[in-house]
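Data block below; observations after.
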Amino acid sequence: MKLKGHQILIFGSSRFDAPVEPTAYKIARLLARENKVYYIDNPFTLGEYFKLRKTAEYQLRKKHLALTSHSLLETDTPDLKVIIPPILLPANFLPEGGLFRMALKFNEFLIRLKLKRMLNACKVRDYIYINASNFHYPTLAEGLTPKLSVYYSLDPMALAFNLRHRVVSENILVKQSELVICNSKQSYEEHKKHNPYSYFVADAADLGRSSKALNPELPVHPAIAALKRPVIGYLGPIEGQIDYDLLRKVIFANPDKSFALAGPVSREVAPDWLFTAVNIHLPGTISYKDMPMVIKGFDVALIPFKKDEASSSIFPLELFEYLGAGKPVVSTDFNPDLKEFTKGAVTFCTDAESFSEAIDLALRTDNAELRKNRVRIAAENTWDNRIDAIADIIHFHLEEVIHP
């Protein structure tokens, strides 16, 4: 990693202690190997305060929420600290327009005010600011003085909350940032029209986690071990990105198979049949440490995403984690860029019929040689490799563009 000895602020779109480690926090943790990093947690709104004030999530942050607080949350990584923003007004429900932008400016003012006080208290002067896809606060950096402003464009799940103001806010971020790094080619092609300093760095896998599934002594998670084999599994959020029509056809066409969809279920988008089909099993949210045990129990792993504009640029983290565990993977062809990175190890399908056929083929033909090849391909797409690429781009921009 060429980027060393810097102070870096990373504003994430997820909370640092989410059940599955957010990509933004993972990047913060890896950059903290060679730099001093401050992760700005995704803020609580007033509505979330009333909803979550009795939860452990809120209690952990309670003493750090005050606008005048200079305290930092410590982490397991020595040079990584967490900044907790103040509680904000709910604004995302407002329609796009002047009223929403006015409320957003006020919220950004509150975050910025606390950040300035924190930076002064911690004697942080010369720093890099990275907005890690928190496009909900696009002009936060306007009142700050970073030596480099970076927008790291991650593709969010296709939820109404993310889509409502994304186009306008992300355009602002792309144009105002000095450097843009994208995790999908589609985003890269779009963003480089507005910012010539745009780069593409694909997402990757945490093989330190998924490779544990290769350990013969690791038990299968009880929720999966109890199911009738073969087990066809998906691990991740069950939200708006899922192609429920295709999934229903596949599940009903394969009554001899157990389908395990492991992850938090968004009730606002999940159809009723998902909870009543006899061969569907919903274990719910799986803890980070238990994920290898879940993946180990899959005979075939699935990525059943919709093929639409919102999903066409998603680079799912679970893809390489499945491969890193040696599992055969069947996916919809929602993102054509994935073929380049998977090198024939993943079957991409256009419809429910070909999806079912691919599952059957994977069950019949899986062997040690194929598993070894999947692990090799996953090893080419690790976060260690990706973080070096991201760090090198930032270092190059600092040395060759900002201070040539």
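Quick caveat: nothing in here was measured; it's all calculated off a predicted structure.
Counting only distance, with no hydrogens or angles, the side chain of Lys114 and the backbone of Ile84 share a donor-acceptor pair below 3.5 Å. Between the side chain of Arg53 and the backbone N or O of Gln59 there is no donor-acceptor pair closer than 3.5 Å. Panel note: side chain Thr75, backbone Thr77; a donor-acceptor pair is recorded below 3.5 Å. Counting only distance, with no hydrogens or angles, the side chain of Asp299 and the backbone of Val231 share a donor-acceptor pair below 3.5 Å. Arg374 places a side-chain N or O within donor-acceptor distance of the main-chain N or O of Gly326, the cut-off being under 3.5 Å. The backbone N or O of Val168 lies less than 3.5 Å from no partner atom in the side chain of Glu96, so there is not a single donor-acceptor pair. In this structure, Asn171 contributes its side chain and Val167 its backbone to a donor-acceptor pair below 3.5 Å. Judged purely by atom type and a 3.5 angstrom limit, Ser133 uses its side chain to pair as donor or acceptor with the backbone of Leu154. Judged by distance alone, with hydrogens and angles left aside, the side-chain atoms of Thr365 form a donor-acceptor pair with the main-chain N or O of Leu361 at under 3.5 Å. Lys296 places a side-chain N or O within 3.5 Å of a backbone atom of Leu218 that can act as its donor or acceptor partner.
Atom CG of Leu323 sits about 10.5 Å away from atom CD1 of Ile295, to the nearest 0.5 Å. In this structure, CG on Asp333 lies 8.0 Å from SG on Cys349, to the nearest 0.5 angstrom.
A salt bridge is defined here as a Lys NZ or Arg NE, NH1 or NH2 lying under 4.0 Å from an Asp or Glu carboxylate O, and Arg15 with Glu48 meets this definition. Ion pairing between Asp384 and Arg33 holds under the 4.0 Å rule for side-chain N and carboxylate O. With respect to the salt-bridge test (charged N to carboxylate O, under 4.0 angstrom), the residues Lys105 and Glu142 qualify. Salt-bridge check for Lys185 with Glu189: failed, with every basic side-chain N at 4.0 Å or more from each acidic carboxylate O. Using a cutoff of 4.0 Å between basic side-chain nitrogens and carboxylate oxygens, Arg61 and Asp41 are scored as salt-bridged. Using a cutoff of 4.0 Å between basic side-chain nitrogens and carboxylate oxygens, Lys327 and Glu321 are not scored as salt-bridged. Ion pairing between Asp243 and Lys307 fails under the 4.0 Å rule for side-chain N and carboxylate O.
Between Asn42 and Asn134, the side chains place a donor N or O and an acceptor N or O closer than 3.5 Å (distance only, hydrogens not considered). In the model, Asn373 has a side-chain atom that pairs as donor or acceptor with a side-chain atom of Arg376 under 3.5 Å. A donor and an acceptor atom, one from each side chain of Asn183 and Arg386, are nowhere located under 3.5 Å apart. Of the N and O atoms on the side chains of Asn254 and Ser356, at least one donor lies less than 3.5 Å from an acceptor on the other residue. Side-chain contact, Ser169 with Arg101: a donor N or O sits under 3.5 Å from an acceptor N or O. Ser149 and Gln176 share no donor-acceptor pair across their side chains, judged by distance under 3.5 Å alone.
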Please assess Leu67 against Leu113 for the test side chain to side chain contact (heavy atoms under 4.5 Å, CB included), listing each intermediate value before the final yes or no. CA-CA 8 Å; Leu67 192 61; Leu113 181 61; 3.7 Å; yes
Do His64 and Ser69 pass the side-chain hydrogen bond (donor to acceptor under 3.5 Å, both in side chains) test, and can you show the C-alpha distance, the side-chain angles, and the key distance before you say yes or no? CA-CA 6 Å; His64 306 282; Ser69 172; 4.9 Å; no
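Side-chain contact check for Phe355 versus Val330: some heavy-atom pair is nearer than 4.5 Å. No side-chain heavy atom of Leu9 sits less than 4.5 Å from a side-chain heavy atom of Ile130. Counting heavy atoms from C-beta on, the side chains of Pro43 and Ile87 never come closer than 4.5 Å. No side-chain heavy atom of Gln7 sits less than 4.5 Å from a side-chain heavy atom of Ile128. Between Leu72 and Met118, the closest side-chain pair of non-hydrogen atoms falls below 4.5 Å. In this structure, Phe298 and Ile232 have side chains that are not in contact, with every pair of non-hydrogen atoms separated by 4.5 Å or more. Contact annotation: the side chain of Leu65 approaches that of Tyr58 to within less than 4.5 Å [non-hydrogen atoms, C-beta and beyond]. Ile251 is listed as a side-chain neighbour of Ile280, based on a closest heavy-atom distance under 4.5 Å.
Between Phe259 and His281, the gap from one ring centroid to the other reaches at least 6.0 Å. Aromatic rings from Phe11 and Tyr129 are positioned such that their centres are separated by 6.0 Å or more. With ring centers used as reference points, Tyr199 lies 6.0 Å or more from Tyr188.
More than 12 heavy atoms of other residues, nucleotides or ligands shown are found within 6.0 angstrom of CG on Asn367. Few gaps surround NZ on Lys192; more than 12 heavy atoms of other groups in view lie less than 6.0 Å from it. Applying the 6.0 Å contact sphere to CZ of Phe100 captures more than 12 heavy atoms from other residues, nucleotides or ligands.
When each of Glu178, Glu170, His191, Lys175 is tested with Tyr151 by the rule side-chain hydrogen bond (donor to acceptor under 3.5 Å, both in side chains), just one qualifies, namely Glu170. Exactly one residue among Leu115, Asn107, Leu173, Asn131 makes a side chain to side chain contact (heavy atoms under 4.5 Å, CB included) with Leu140. That residue is Leu115. With respect to Tyr322, the side chain to side chain contact (heavy atoms under 4.5 Å, CB included) criterion is satisfied by exactly one of Val300, Leu302, Val329: Val329. Exactly one residue among Lys147, Lys36, Glu34 makes a side-chain hydrogen bond (donor to acceptor under 3.5 Å, both in side chains) with His6. That residue is Lys147.
Because its NZ or CZ atom is both nearer than 6.0 Å to the ring centre of Phe275 and within 45° of the ring axis, Arg267 counts as a cation-pi partner of that residue.
Ring geometry, Tyr25 versus Tyr39: the interplanar angle exceeds 60°, so the pair is classed perpendicular (tilted spans 30 to 60°).
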